[in-house]
Amino acid sequence: MMKGKKGEGNWQERLLAWFDGHKRDLPWREDKPRNPYHVWISEIMLQQTRTEAVKPYFNSWMERFPNISALARAKESEVLHQWQGLGYYSRARNIHKAAMEMAETYGGRLPDRKEDILSLPGIGSYTAGAILSMAYGKREGAIDGNVLRVYARLYQVEEDILKSRGRKKIEALVNETLPDRAGDFNEALMDLGADICIPKNPRCSLCPLAEDCAAFRNGKEKELPFRTPKKPPKEEQAACGIWIKEGRVLLHKRPARGMLASMWEFPMALGETEEEARKGLEQLLAGKTEDFLWQYKHVFTHRIWHMKAYPVREGAVPEGEYRWFSPEEYREIPLAGPHARLAAFVEKIVY
DNA sequence: AACTCGGGGGT
DNA sequence: ACCCCAGAGTT
């Protein structure tokens, strides 16, 4: 094991000492001992999502669904509505499924056995480790993006940390170095990754582990961790129909699988070109459209929608999940990403 | 092993 | 304009 030149003990002890004085004050860290339900919900919300974005969602979530049984009793549409705007909506659907499973199988509680936790929908190796170590005090690692970055620098791991070779190397290092206070240790690595060992210009002058860091010693802290660049997003044209009848707009519920699953949208057709998309929309509604009134470029991580919204003149409601909504009604349902913006626009010009 | 799945803030 | 974040599930 690598030892630092100054300070007592190993780097794990130095990290924990730093954490005791610098830990972030976060809503889900308030209860002592930690509430497993709070740990679970916060960990799901934090998947691929920054803490600042999670805070308001976590607080309003706990007001709306204060415990597992309240969540298990809710309808999926209510859960999705509460999640609206956070992204990765399968997380919300999986939370709901898991809560119902806990109500049925585990007496309304979050289980504390690793196999049981891992079997729940939406909980993978990271989240299971986080729950076991933080909520139940077990000696388990929790390897997320922060931990990968910190270890890649500390031990100068040159492999792509998102591929299995690099991951396995770091998993082995975490298992070798994990101390008894695993819950605090895991959170300490995340706080270090969030405040000090940040992706771009790491603040090594403030880092309690600078003396222990191989990348810092070799001047490679800015080059690590290595990751292969992602491919550019696919661009699509999207034609949306604004069809209003007796003060209500026609909306469509997206399928239960795939992107923005089970959320509502304006009738929409995708295409390579603007004309193709618009033609698809007219075909879908068996009607005619007027010049577009609204446009918006919505950027997803792996997809870009160039959206235009056209007023619809007569037509036929397609088969499937279509319904008319007044503004009061569609404020209560989960709207699919950019369609919430379109809904706000429609409300402004029409009502 | 590669792909899918959102949205937002930092630089 | 990128980058990438307290990742998991599917193919």
Side-chain angles (χ1 to χ4, degrees), chain A residues 23-24 26-29 38-58 80 83-95 97-98 117-135 140-150 160-168 183 185-195 197-203 222 225-234 254-263 296-305 334-341:
Chain A
K23 69 174 115 185
R24 290 175 292 172
L26 301 169
W28 45 91
R29 288 181 177 177
H38 291 186
V39 173
W40 169 44
I41 297 300
S42 65
E43 288 304 334
I44 302 294
M45 287 184 169
L46 286 160
Q47 290 169 6
Q48 298 297 105
T49 310
R50 300 183 186 265
T51 58
E52 290 307 316
V54 167
K55 280 181 184 175
Y57 280 87
F58 178 83
L80 276 173
W83 200 269
Q84 184 178 311
L86 244 198
Y88 287 127
Y89 298 93
S90 65
R91 295 186 292 177
R93 293 154 43 81
N94 284 334
I95 280 178
K97 285 185 205 157
I117 293 181
L118 271 174
S119 76
L120 293 166
I123 298 183
S125 60
Y126 163 75
T127 305
I131 291 171
L132 286 165
S133 63
M134 297 171 197
E140 291 281 342
I143 302 176
D144 71 330
N146 287 308
V147 176
L148 290 172
R149 184 171 60 256
V150 171
D160 185 337
I161 56 168
L162 295 185
K163 297 196 169 175
S164 65
R165 265 242 278 296
R167 278 202 67 98
K168 280 181 183 170
F185 180 71
N186 291 331
E187 288 194 300
L189 286 169
M190 294 174 205
D191 282 16
L192 190 77
D195 293 337
C197 197
I198 53 181
K200 277 217 142 178
N201 296 305
R203 301 168 177 148
K222 286 190 178 179
F226 171 75
R227 53 214 319 173
T228 51
K230 289 170 190 165
K231 61 178 185 181
K234 179 186 299 178
R254 296 176 60 87
R257 310 183 69 90
M259 200 168 51
L260 302 167
S262 302
M263 303 186 81
Y296 182 68
K297 178 183 174 184
H298 189 78
V299 180
F300 300 94
T301 298
H302 59 292
R303 196 168 302 218
I304 297 177
W305 282 353
L335 288 169
H339 291 269
R341 286 177 172 272

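Computed from a predicted structure; not experimentally measured. Chain letters run A, B, ... following the sequence lines, proteins first and then strands; every chain starts at 1.
Using a 4.0 Å heavy-atom criterion, one finds that A/Trp83 contacts no nucleic acid atom at all. Nucleic acid contact class of A/Thr51 (heavy atoms, under 4.0 Å, all strands): base. If you check every strand for non-hydrogen atoms under 4.0 Å, A/Leu26 touches a base. Among the heavy atoms of the strands lying under 4.0 Å from A/Tyr126 is at least one base atom, whether or not backbone atoms are also near. Looking at heavy-atom distances under 4.0 Å, A/Gly258 makes contact with sugar-phosphate atoms alone, never a base. As judged by a 4.0 angstrom heavy-atom cut-off over every strand, A/Leu86 is placed among the base-contacting residues.
Side chains of A/Glu43 and A/Tyr126: a donor-acceptor N/O pair is present below 3.5 angstrom, by distance only.
You'll find the ring centres of A/Phe300 and A/Trp305 inside the 6.0 Å limit.
In this structure, CD1 of A/Ile95 is placed 19 Å from P of B/dC5, rounded to the nearest angstrom. Atom-to-atom, CH2 of A/Trp305 to C1' of B/dG6 comes out at 11 Å; the value is rounded to the nearest Å. If you take CG of A/Leu335 and P of B/dG6, they are 14 Å apart, rounded to a whole angstrom. Regarding A/Leu46, its CG atom lies at a distance of 12 Å from the P atom of C/dA8, rounded to whole Å. Counting to the nearest Å, the C1' atom of C/dA6 and the CE atom of A/Met134 are 7 Å from each other. Between the CD1 atom of A/Ile161 and the C1' atom of C/dG7 there is a distance of 13 Å, given to the nearest Å. Rounding to whole angstrom units, CZ of residue A/Arg167 and C1' of C/dG7 are separated by 9 Å. Protein atom CG of A/Leu189 is 15 Å distant from nucleotide atom P of C/dC5, rounded to whole Å.
Neither OP1 nor OP2 of C/dG9 sits under 4.0 Å from any side-chain N or O of A/Arg257. Of the side-chain N and O atoms in A/Arg303, none sit less than 4.0 angstrom from OP1 or OP2 of B/dG6. The side chain of A/Tyr88 places no N or O atom within less than 4.0 Å of a non-bridging phosphate oxygen (OP1 or OP2) of B/dT4. Distances shorter than 4.0 Å separate none of the side-chain N or O atoms of A/Thr127 from OP1 or OP2 on C/dA6. When the side-chain nitrogen and oxygen atoms of A/Gln48 are compared with OP1 and OP2 of C/dG7, one or more of them lie within a distance under 4.0 Å. Contact annotation: A/Arg254 does not reach the phosphate of B/dC5 (side-chain N/O to OP1 or OP2, under 4.0 Å).
Atom name P, nucleotides B/dT4 and C/dA6: the rounded distance is 24 Å, in whole Å. Rounded to whole Å, the separation between the P atoms of B/dG8 and C/dG9 comes to 24 Å. For the C1' atom pair drawn from C/dA8 and B/dG9, the interatomic distance equals 23 Å after rounding to whole Å.
Distance from the side chain of A/Arg50 is smallest to B/dG8 among C/dA6, B/dT4, B/dG8. Picking from C/dT10, B/dG7, C/dG7 the nucleotide with the shortest atom distance to the side chain of A/His298 gives B/dG7. Here C/dC4 is the nucleotide among B/dG7, B/dC5, C/dC4 with the atom lying nearest to any side-chain atom of A/Lys230. If you check C/dA6, C/dG9, B/dC5 against the side chain of A/Met190, the one that comes closest is C/dA6. Side-chain atoms of A/Arg203 lie closest to B/dT11 of the nucleotides B/dT11, C/dA6, B/dG7. Distance from the side chain of A/Ser164 is smallest to B/dA1 among B/dA1, C/dA6, B/dC5. Comparing B/dT4, B/dG7, B/dG6 by their nearest atom to the side chain of A/His302 picks out B/dT4. Among the nucleotides B/dC5, C/dA6, B/dT11, the one closest to the side chain of A/Asp144 is C/dA6. With B/dG6, C/dA8, B/dA2 as the choices, the nucleotide that has an atom nearest any side-chain atom of A/Lys163 turns out to be B/dA2. The nucleotide whose nearest atom lies closest to any side-chain atom of A/Arg29 is, among B/dT11, C/dA6, B/dG6, C/dA6.
In A/Arg303, the CZ atom is crowded: over 12 heavy atoms of neighbouring residues, nucleotides or ligands sit closer than 6.0 Å.
A donor-acceptor contact under 3.5 Å links the side chain of A/Arg24 to the base of C/dA6. In this model, no side-chain donor or acceptor of A/Arg91 finds a partner on the base of B/dC5 within 3.5 Å. Counting distance only, with no hydrogens placed and no angle test, the side-chain atoms of A/Ser90 and the base atoms of C/dG9 include no donor-acceptor pair under 3.5 Å. Taking only distance into account, the side chain of A/Thr301 meets the base of B/dG7 through a donor-acceptor pair shorter than 3.5 Å. Between the side chain of A/Thr49 and the base of B/dG8 there is no donor-acceptor pair of N/O atoms closer than 3.5 Å.
Distance check, rounded to the nearest 0.5 Å: CG of A/Leu118 to CG of A/Leu132 gives 7.5 Å. Atoms CG and CD1, on A/Asn146 and A/Ile198 in that order, are 11.0 Å from each other to the nearest 0.5 Å. Note: A/Tyr88 OH to A/Gln48 CD = 5.5 Å, rounded to the nearest 0.5 Å.
Remark on DNA chain C: of its neighbouring residues A/Asn94 and A/Lys200, the 5'-side contact belongs to A/Lys200, judged by nearest-heavy-atom nucleotide. Comparing A/Lys168 and A/Arg341 by the nucleotide of DNA chain B that holds the closest heavy atom to each, the one mapping nearer the 5' end is A/Lys168.
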Step by step, work out the side chain to side chain donor-acceptor pair (under 3.5 Å) result for A/Arg91 and A/Asn94.
CA-CA 5 Å; A/Arg91 295 186 292 177; A/Asn94 284 334; over 6 Å; no
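Put simply, the side chain of A/Arg93 gets close to the backbone of A/Ala256: a donor and an acceptor are under 3.5 Å apart.
Judged by Watson-Crick or G-U wobble contacts below 3.5 Å, the nucleotide C/dA8 has B/dT4 as its partner.
Using a 4.0 Å cut-off between charged side-chain N and carboxylate O, A/Arg24 and A/Asp191 make a salt bridge.
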